Amino acid sequence: MFDPVSKTCNYLFYTLLIAALVAGFISCTTIKNYPVGKPFVYQTNINIEGKYSSEEKKQLKTQLEQQLHDSIRVRRQQKFLLWQTIKKPPVFDTLNISKSKIFMSALLNSDGYYRDSISADTTLHIVGDQYRTTVNFRVLPGTLIKIDSVWYNLPDSVAFSKKIDTLQALTLNSLKQQVIKKGQPFSKPLISEELDRLSDVHRNNGYLRFSREQLLAVWDTVGLDLLRITFDPLEQAQLLESLRLRRENPTADIEVRLRPDADTSRLLRYYVGTVKVYPDFNNDTSYFKPRTDLLTGNQYQFISYQGLFLPRKVVRFISLRRGELYRQSNYLKTQNKFNSIGAWRLVTMSQLPRPGQDTVDFEIRLIPAKKFVTSINFDVSLNQGNFSSGNLLGLGANFSLINKNFAKAANQSTTTLRYGIE
């Protein structure tokens, strides 16, 4: 007698059985070169807890995975669908969990999470002689601390003989390029980047010897006003309410100031003085009598030993002008320009501040490269044709001559001769 219910159940049973076999096949994990009889790291999981969006959790998890210690990081190779291979899994060591927690906490702090909590537990699953250990991290980043205010407190710089802009004025005029702003996550790397930016701003406005070591960033994440002692019950209630709100939405106030022990000589603004150029400097220049040429109102002094370069052709590569305000960008532009030209193999630029003055001189020493470079290439080709034309053999030669100082102007010229026969 035909039983449709029994047939349906059998069909469903075999379908589930086949699906299970296929799933087991495609999700198989092969482990090679594992430590026999010792616990090894089989899998590492990071679980983000808290009220965060799926995108925020995904981003945090990706960043935290990069902070795992190498000895608990499992590298799986995808072979086919869900078929994976693990090669040489590391031996499990609880010490590496502690190291990973330190690295992960440092990352959270750099992103503005300073009230984080990280815990870890492990599970052991024995399969034959494999002691598979799974490490589970439970990460609670806490509330993100955001920047509430940014202040710059840089006193007037030291003037020598000319009216100058102060550090404070230059800083306030550059706020369009500000890195740290109100509402951003409180991040120490961002603060460090802001100090570097301010150092570049000041060095590009005459402060030759200024550096980020002259700056100090201080921040307040507690709220100094909340620590004020008061005996007024109403005011105490207001302070407690402010403290509660600050705990729920923590903020940070940042102030950038000069260090109390800052070297005042580094706060002097410099102007470009004399620029000396040695276009053909070398170790054997003592055998030659130097020749000095003055150009552009004596602001450039060319001291040449062998006359390999024309001074008026070299001056076009220099972005430093006598009497102009020193700018680090012009100094680097000049240095990079000379380094990019093949006429010189070594470029040295020295900055020489005059003692007790607001002027800096420059010495540019250029060691010439080999003027001519030759190369020869040979080509051989074989063309197998039909019966009537036969086989053809081709021979060719290429000769190249490169002049790195054409017409003594540091220009490069290439002459190529080609010859071929078939």
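Since the model is a prediction, treat every value here as computed from it, not as a measurement.
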K.L.:
Would you call Tyr270 and Leu325 a side-chain contact if the rule is heavy atoms closer than 4.5 Å?
P.N.:
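In short, these two side chains do not touch, never coming nearer than 4.5 Å.
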
K.L.:
Are Ile126 and Arg132 side-chain neighbours, meaning at least one heavy-atom pair lies under 4.5 Å?
P.N.:
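They are not in contact (no side-chain heavy atoms under 4.5 Å apart), so the answer is no.
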
K.L.:
Does Lys408 use its side chain to pair, donor to acceptor, with the backbone of Gly307 at less than 3.5 Å?
P.N.:
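At least one qualifying donor-acceptor pair exists.
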
K.L.:
Does Gln412 have more than 12 heavy atoms from other residues, nucleotides or ligands lying within 6.0 Å of its CD?
P.N.:
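Check passes, neighbour count above 12.
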
K.L.:
Under 4.0 Å between a side-chain nitrogen and a carboxylate oxygen: does that hold for Arg354 and Asp361?
P.N.:
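Judged by the 4.0 Å cut-off on N to carboxylate O distance, Arg354 and Asp361 do form a salt bridge.
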
K.L.:
Tell me the closest heavy-atom pair linking Leu198 and Ser174, and the distance in Å.
P.N.:
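Minimum heavy-atom contact is CD2-OG, 4.4 Å.
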
K.L.:
We want to know whether Arg322 and Gln299 form a side-chain donor-acceptor pair, criterion being a heavy-atom distance below 3.5 angstrom.
P.N.:
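No pair is found: no donor N or O on one side chain lies under 3.5 Å from an acceptor on the other.
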
K.L.:
State whether Asp293 and Arg291 are salt-bridged, where the test is any N-O pair (Lys NZ or Arg NE/NH1/NH2 against Asp/Glu carboxylate O) under 4.0 Å.
P.N.:
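Salt bridge flag = yes for Arg291 with Asp293.
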
K.L.:
Which distance, rounded to the nearest 0.5 Å, do you find between the OG of Ser375 and the CD1 of Ile402?
P.N.:
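The distance works out to 6.0 Å.
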
K.L.:
Please report the closest heavy-atom contact between Ala407 and Leu310, naming both atoms and the distance.
P.N.:
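Ala407 and Leu310 have their closest heavy atoms at O-CD1, 3.9 Å.
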
K.L.:
Apply side-chain hydrogen bond (donor to acceptor under 3.5 Å, both in side chains) to residues Glu213 and Ser211 and explain how you reach the verdict.
P.N.:
CA-CA 5 Å; Glu213 283 69 27; Ser211 64; 3.0 Å; yes

K.L.:
Could you tell me if the ring centre of Tyr34 sits under 6.0 Å from that of Tyr42?
P.N.:
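No, the ring of Tyr34 stays outside the 6.0 Å limit from the ring of Tyr42, centre to centre.
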
K.L.:
Got a donor-acceptor contact below 3.5 angstrom from the Asn403 side chain to the Ser413 backbone?
P.N.:
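Looks like no, no N/O pair under 3.5 Å.
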
K.L.:
What are the two closest heavy atoms between Gln351 and Phe362, and how far apart are they?
P.N.:
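Minimum heavy-atom contact is CG-CE2, 3.6 Å.
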
K.L.:
Can a donor-acceptor pair be found between the side chains of Arg312 and Tyr300 at a distance below 3.5 Å?
P.N.:
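No - no donor-acceptor pair under 3.5 Å links their side chains.
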
K.L.:
Indicate the ring-plane relationship of Tyr278 and Tyr305, choosing parallel, tilted or perpendicular according to the 30° and 60° boundaries.
P.N.:
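Geometry flag for Tyr305 against Tyr278: parallel rings.
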
K.L.:
Quick check: does any side chain N or O of Thr133 sit under 3.5 Å from a backbone N or O of Phe92, one acting as donor and the other as acceptor?
P.N.:
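The answer is no, because no donor-acceptor pair under 3.5 Å joins these two groups.
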
K.L.:
Are the side chain of Asn405 and the backbone N or O of Ala409 linked by a donor-acceptor pair below 3.5 Å?
P.N.:
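Between the backbone of Ala409 and the side chain of Asn405 there is a qualifying donor-acceptor contact (under 3.5 Å).
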
K.L.:
Quick one: sort the Tyr326 and Tyr331 rings into parallel, tilted or perpendicular, breaks at 30° and 60°.
P.N.:
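Tyr326 and Tyr331: tilted rings.
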
K.L.:
Side chains of Asp379 and Leu395: does their closest heavy-atom pair fall under 4.5 Å?
P.N.:
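Result no, sub-4.5 Å side-chain heavy-atom pair not found.
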
K.L.:
Can you see which heavy atom on Asn205 is nearest to which on Val201, and at what distance?
P.N.:
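Looking at all heavy atoms of both residues, the closest pair is ND2-O, 2.6 Å.
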
K.L.:
Can you confirm whether the side chains of Thr166 and Gln168 place a donor and an acceptor under 3.5 Å from each other?
P.N.:
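On atom types as modelled, these side chains do not qualify, holding no pair under 3.5 Å.
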
K.L.:
Tell me, with the steps shown, if Asn173 and Leu175 meet side-chain contact (heavy atoms from CB on, under 4.5 Å).
P.N.:
CA-CA 6 Å; Asn173 290 335; Leu175 291 184; over 6 Å; no

K.L.:
Just do the side-chain contact (heavy atoms from CB on, under 4.5 Å) check on Phe103 and Leu68 with the steps written out, would you?
P.N.:
CA-CA 7 Å; Phe103 298 153; Leu68 293 175; over 6 Å; no

K.L.:
Return yes if some donor-acceptor pair links the side-chain N/O of Ser105 with the main-chain N/O of Lys101 below 3.5 Å, else return no.
P.N.:
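Side chain of Ser105 to backbone of Lys101: no pair is present.
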
K.L.:
With no hydrogens and no angle check, just 3.5 Å: does a side-chain donor-acceptor pair link Arg212 and Ser192?
P.N.:
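On atom types as modelled, these side chains qualify, holding a pair under 3.5 Å.
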
K.L.:
Is there a side-chain contact between Val91 and Phe40 in this structure, where contact means two heavy atoms from C-beta onward sitting under 4.5 Å apart?
P.N.:
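Heavy-atom side-chain distance check fails, nothing below 4.5 Å.
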
K.L.:
Rounded at 0.5 Å granularity, tell me how far CD in Gln67 sits from CG in Leu108.
P.N.:
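These two atoms lie 9.0 Å from each other.
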
K.L.:
Give a yes or no on this: more than 12 heavy atoms of other residues, nucleotides or ligands lie within 6.0 Å of atom CZ of Phe399.
P.N.:
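Yes, the 6.0 Å shell around CZ holds more than 12 heavy atoms from other groups.
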
K.L.:
Does Leu308 offer a backbone N or O that forms a donor-acceptor pair with the side chain of Gln306 under 3.5 Å?
P.N.:
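Looks like no, no N/O pair under 3.5 Å.
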
K.L.:
Would you compute the distance between atom OG1 of Thr416 and atom CG of Asn398 and round it to the nearest 0.5 angstrom?
P.N.:
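Between Thr416 OG1 and Asn398 CG, I get 7.5 Å after rounding to 0.5 Å.
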
K.L.:
Could you tell me whether the side chains of Asn47 and Glu49 share a donor-acceptor contact shorter than 3.5 Å?
P.N.:
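Distance-only check fails for Asn47 and Glu49.
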
K.L.:
Please confirm whether the backbone N or O of Thr334 pairs with a side-chain atom of Ser319, one donor and one acceptor, at under 3.5 Å?
P.N.:
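No: the side chain of Ser319 does not pair with the backbone of Thr334.
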
K.L.:
Closest approach of Ala410 and Phe317, non-hydrogen atoms and distance?
P.N.:
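The pair with the smallest heavy-atom distance is CB-CE1, 4.0 Å.
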
K.L.:
Taking side chain to side chain contact (heavy atoms under 4.5 Å, CB included) as the criterion, tell me which of Ile46, Leu60, Asp116 meets it with Met104.
P.N.:
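It is Ile46; the other options fail the test.
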
K.L.:
Under 4.5 Å between any side-chain heavy atoms of Val135 and Asn45, yes or no?
P.N.:
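Val135 does not reach Asn45 side chain to side chain.
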
K.L.:
Do Tyr52 and Gln59 have a side chain donor and acceptor closer than 3.5 Å?
P.N.:
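No, Gln59 and Tyr52 have no side-chain donor paired with an acceptor closer than 3.5 Å.
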
K.L.:
Is the shortest side-chain heavy-atom distance between Phe210 and Leu215 below 4.5 Å?
P.N.:
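Contact flag for Phe210/Leu215 side chains = yes.
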
K.L.:
Taking only Lys NZ, Arg NE, NH1 and NH2, and the carboxylate oxygens of Asp or Glu, determine whether Glu194 and Arg197 approach each other closer than 4.0 Å.
P.N.:
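Answer for the salt bridge query: yes.
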
K.L.:
Kindly determine whether Phe186 and Ile191 satisfy side-chain contact (heavy atoms from CB on, under 4.5 Å), including the steps that lead there.
P.N.:
CA-CA 8 Å; Phe186 175 70; Ile191 296 176; 3.5 Å; yes

K.L.:
Quick one: ring-ring contact (aromatic ring centres under 6.0 Å, His included) partners of Phe137, sequence neighbours excluded?
P.N.:
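ring-ring contact (aromatic ring centres under 6.0 Å, His included) list for Phe137, sorted by chain: empty.
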
K.L.:
For Val347, does its backbone N or O pair with a side-chain atom of Arg365 as donor and acceptor, under 3.5 Å?
P.N.:
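The answer is no, because no donor-acceptor pair under 3.5 Å joins these two groups.
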
K.L.:
Are side-chain heavy atoms of Asp70 and Pro90 found at a separation under 4.5 Å?
P.N.:
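In short, these two side chains do not touch, never coming nearer than 4.5 Å.
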
K.L.:
Between atom CD of Gln335 and atom CD of Gln328, what is the distance when rounded to the nearest 0.5 Å?
P.N.:
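Atom-to-atom, Gln335:CD and Gln328:CD are 10.0 Å apart.
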
K.L.:
Just by distance, do the side chain of Arg209 and the backbone of Leu268 share a donor-acceptor pair under 3.5 Å?
P.N.:
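Between the backbone of Leu268 and the side chain of Arg209 there is no qualifying donor-acceptor contact (under 3.5 Å).
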
K.L.:
Which residues pass the side chain to side chain donor-acceptor pair (under 3.5 Å) test with Gln184, sequence neighbours left out?
P.N.:
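Checked Gln184 against side chain to side chain donor-acceptor pair (under 3.5 Å); zero matches.
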
K.L.:
Check whether any side-chain N or O of Asn204 sits under 3.5 Å from a backbone N or O of Ser329 as a donor-acceptor pair, and report yes or no.
P.N.:
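Checked: pair present.
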
K.L.:
Kindly say whether the aromatic ring centers of Phe309 and Trp344 come within a distance under 6.0 Å.
P.N.:
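Distance test on ring centres: under 6.0 Å, yes.
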
K.L.:
Any chance the side chains of Thr171 and His202 put a donor and an acceptor closer than 3.5 Å?
P.N.:
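Yes, His202 and Thr171 have a side-chain donor paired with an acceptor closer than 3.5 Å.
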
K.L.:
Quick one: are Ile97 and Thr122 in side-chain contact, heavy atoms under 4.5 Å?
P.N.:
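In short, these two side chains touch, coming nearer than 4.5 Å.
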
K.L.:
Could you please spell out the steps behind the side-chain contact (heavy atoms from CB on, under 4.5 Å) verdict for Ser149 and Trp151?
P.N.:
CA-CA 7 Å; Ser149 62; Trp151 299 90; 3.4 Å; yes

K.L.:
Please round to the nearest 0.5 Å and tell me the distance separating atom CG of Leu352 and atom NZ of Lys276.
P.N.:
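So the gap between those two atoms works out to 8.5 Å.
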
K.L.:
Return the CG to CG distance between Leu216 and Leu258, rounded to the nearest 0.5 Å.
P.N.:
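Interatomic distance, Leu216 CG to Leu258 CG, rounded to 0.5 Å: 9.5 Å.
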
K.L.:
Taking all heavy atoms of Leu124 and all of Tyr131, pick out the closest pair and write down the distance.
P.N.:
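Closest approach of Leu124 to Tyr131, heavy atoms only: CD1-C, 3.7 Å.
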
